[in-house]
Amino acid sequence: MDQRTPLDLAYDAVAAARLVASTAPFRAAAQDRDDGFPSEDVADLARLGLLAAPIPAAAGGTGLGDEPGACALAEVLRLVGYGSLALGRLYEGHVNALQLVATHGDAAQRARLFADARAGHLFGVWNTEPPDNGLVLREAGDGLQLGGVKTFASGAGYVTRALVTARRDGVPGTLMLVMPLDHGTRADLSAWQSQGMRASATGTLDFTGLPVREEDILGEPDSYSRQPAFSGGAWRFAAVQLGGIEAVFDAWRAHLTRTGRGGDPHQLARLGEGALALEGARNWVKRGAETVSDAILPPARIVATINLVRLAVERAGLDVLQLAQRSVGLQGFLRGHPLERLSRDLATYLRQPAPDGALVGAAAEILKADGLVGDLWDGDVT
Ligand SMILES: Cc1cc2nc3c(=O)[nH]c(=O)nc-3n(C[C@H](O)[C@H](O)[C@H](O)COP(=O)(O)OP(=O)(O)OC[C@H]3O[C@@H](n4cnc5c(N)ncnc54)[C@H](O)[C@@H]3O)c2cc1C
């Protein structure tokens, strides 16, 4: 039975994200430091209902992401990324975690963790770890406890519900856990001295000694990496990146207008090239969201599609960066010019895992398919 209240039904997540996109840019410059964090913007996400929005309708939420083609979620991620890429990265992790809870949690876990999201807890998904000190679950006395760290963990010290992957001694496969954390504990941001995305607090989190209850373990071993959801989820970070590309484009466009240089045919041609790249990325993100949400294609074909989506959006981002920097010139490299931080943030956030593997993986899927290339993506193919 649909448990949504009239207030839930009237809720407009896209309108809420538009508000975030209009306020976050004014705070982003002050947050742009090694220990920065968009605390006020995360509070806005909570206040505007966006932290709770991905809770499924069946659990009394608004089910953001469950709409046909995930079109509202794609818009929300794009808009939040437009406002601040660091905030967009954090929000994407939060959405990912709640979707994993919805898919793999039992009834008690879903009730408890959705209540936490409603109460304003920020979730994160932390999978990346160093080769020599990754997360391990061990027997300790009469219970279980964690040892090791997660690295490149966005929101380290701020995320208070961390969905992490871990191995367990003597048990095959990788487990998924949702660990409660206290604000400001166990985080080390000292290595996060990056060119961009400085406000994302992407640090190291040491879980050593943290006790684990059975109810902290989510799903079956290897649930986290189950395809096509694992690779297919990359459309969400591409949607956030799209917002970052649009922000760079608008800073570039505003510069041309402000300086009266827009009428020059070379500047216009570059802006036109940028618009082509941008609209291409927008179409790819829409297609990616629909492909995963509709789930008509076989899993390997969904993964191939999303690999193309993420690489096409990366390409568009690199193209727009180059065009914008060439158009604006040295001004765009001076601190204080809007393009300067936006370029650093985008260049950094475009770095995602294994791009070469994504490209050749998609190509291999295309190579082995039968039939006409134009029919590969319509769901009625082998
Ligand atoms: C701002 C930001 C926030 C992040 N937040 C999180 C988070 O909250 N949680 C989390 O789990 N992770 C997070 N990450 C980490 C992210 O998931 C990836 O681990 C990271 O972005 C990988 O980037 P990379 O360029 O080092 O990728 P790599 O995969 O190392 O790619 C670098 C280059 O090496 C190539 N390559 C890859 N593998 C091989 C190989 N075996 N042999 C040869 N070449 C290879 C690639 O194709 C590419 O050309 C974050 C990253 C960023 C940028």
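Heavy-atom basis, side chains included; hydrogens, waters and symmetry copies ignored. Order of appearance sets the numbers: ligands from 1, and atoms from 1 within every ligand.
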N or O contacts of ligand 1 with protein under 3.5 Å, please list pair by pair.
{"from": "ligand 1", "atom 1": "5 (N)", "to": "Arg89", "atom 2": "NH1", "distance (Å)": "3.2"}
{"from": "ligand 1", "atom 1": "5 (N)", "to": "Phe152", "atom 2": "O", "distance (Å)": "3.2"}
{"from": "ligand 1", "atom 1": "5 (N)", "to": "Ser154", "atom 2": "OG", "distance (Å)": "2.7"}
{"from": "ligand 1", "atom 1": "8 (O)", "to": "Arg89", "atom 2": "NH1", "distance (Å)": "2.8"}
{"from": "ligand 1", "atom 1": "8 (O)", "to": "Ser154", "atom 2": "N", "distance (Å)": "3.0"}
{"from": "ligand 1", "atom 1": "8 (O)", "to": "Ser154", "atom 2": "OG", "distance (Å)": "3.4"}
{"from": "ligand 1", "atom 1": "9 (N)", "to": "Val125", "atom 2": "O", "distance (Å)": "3.0"}
{"from": "ligand 1", "atom 1": "9 (N)", "to": "Phe152", "atom 2": "O", "distance (Å)": "3.3"}
{"from": "ligand 1", "atom 1": "11 (O)", "to": "Asn127", "atom 2": "N", "distance (Å)": "2.8"}
{"from": "ligand 1", "atom 1": "11 (O)", "to": "Thr128", "atom 2": "N", "distance (Å)": "2.9"}
{"from": "ligand 1", "atom 1": "11 (O)", "to": "Thr128", "atom 2": "OG1", "distance (Å)": "2.8"}
{"from": "ligand 1", "atom 1": "12 (N)", "to": "Thr128", "atom 2": "OG1", "distance (Å)": "2.8"}
{"from": "ligand 1", "atom 1": "12 (N)", "to": "Phe152", "atom 2": "O", "distance (Å)": "3.3"}
{"from": "ligand 1", "atom 1": "21 (O)", "to": "Arg351", "atom 2": "O", "distance (Å)": "2.9"}
{"from": "ligand 1", "atom 1": "29 (O)", "to": "Ala354", "atom 2": "N", "distance (Å)": "2.7"}
{"from": "ligand 1", "atom 1": "47 (O)", "to": "Asp356", "atom 2": "N", "distance (Å)": "3.0"}
{"from": "ligand 1", "atom 1": "47 (O)", "to": "Asp356", "atom 2": "OD2", "distance (Å)": "2.8"}
{"from": "ligand 1", "atom 1": "49 (O)", "to": "Asp356", "atom 2": "OD2", "distance (Å)": "3.4"}

Please say yes or no: joined through hydrophobic side-chain contacts below 4.5 Å, possibly via intermediate residues, are Val125 and Leu87 part of one cluster? no
Looking at residues at least two apart in the chain, or sitting in another chain, which of them share a ring-ring contact (aromatic ring centres under 6.0 Å, His included) with Trp252? Phe249
May I ask you to say whether Arg226 pairs ionically with Glu220, meaning some side-chain N is under 4.0 Å from a carboxylate O? no
Can you pull the ring pair (Phe, Tyr, Trp, His ring centres under 6.0 Å) pairs that have at least one residue in residues 27-85, sequence neighbours excluded? Phe37-Tyr158
Test of understanding: with side-chain contact (heavy atoms from CB on, under 4.5 Å), list the residues that count as partners of Arg138, not counting sequence neighbours. Val136, Asp169
Under the criterion side-chain contact (heavy atoms from CB on, under 4.5 Å), which of Leu122, Leu90, Leu50 is the partner of Leu45? Leu50
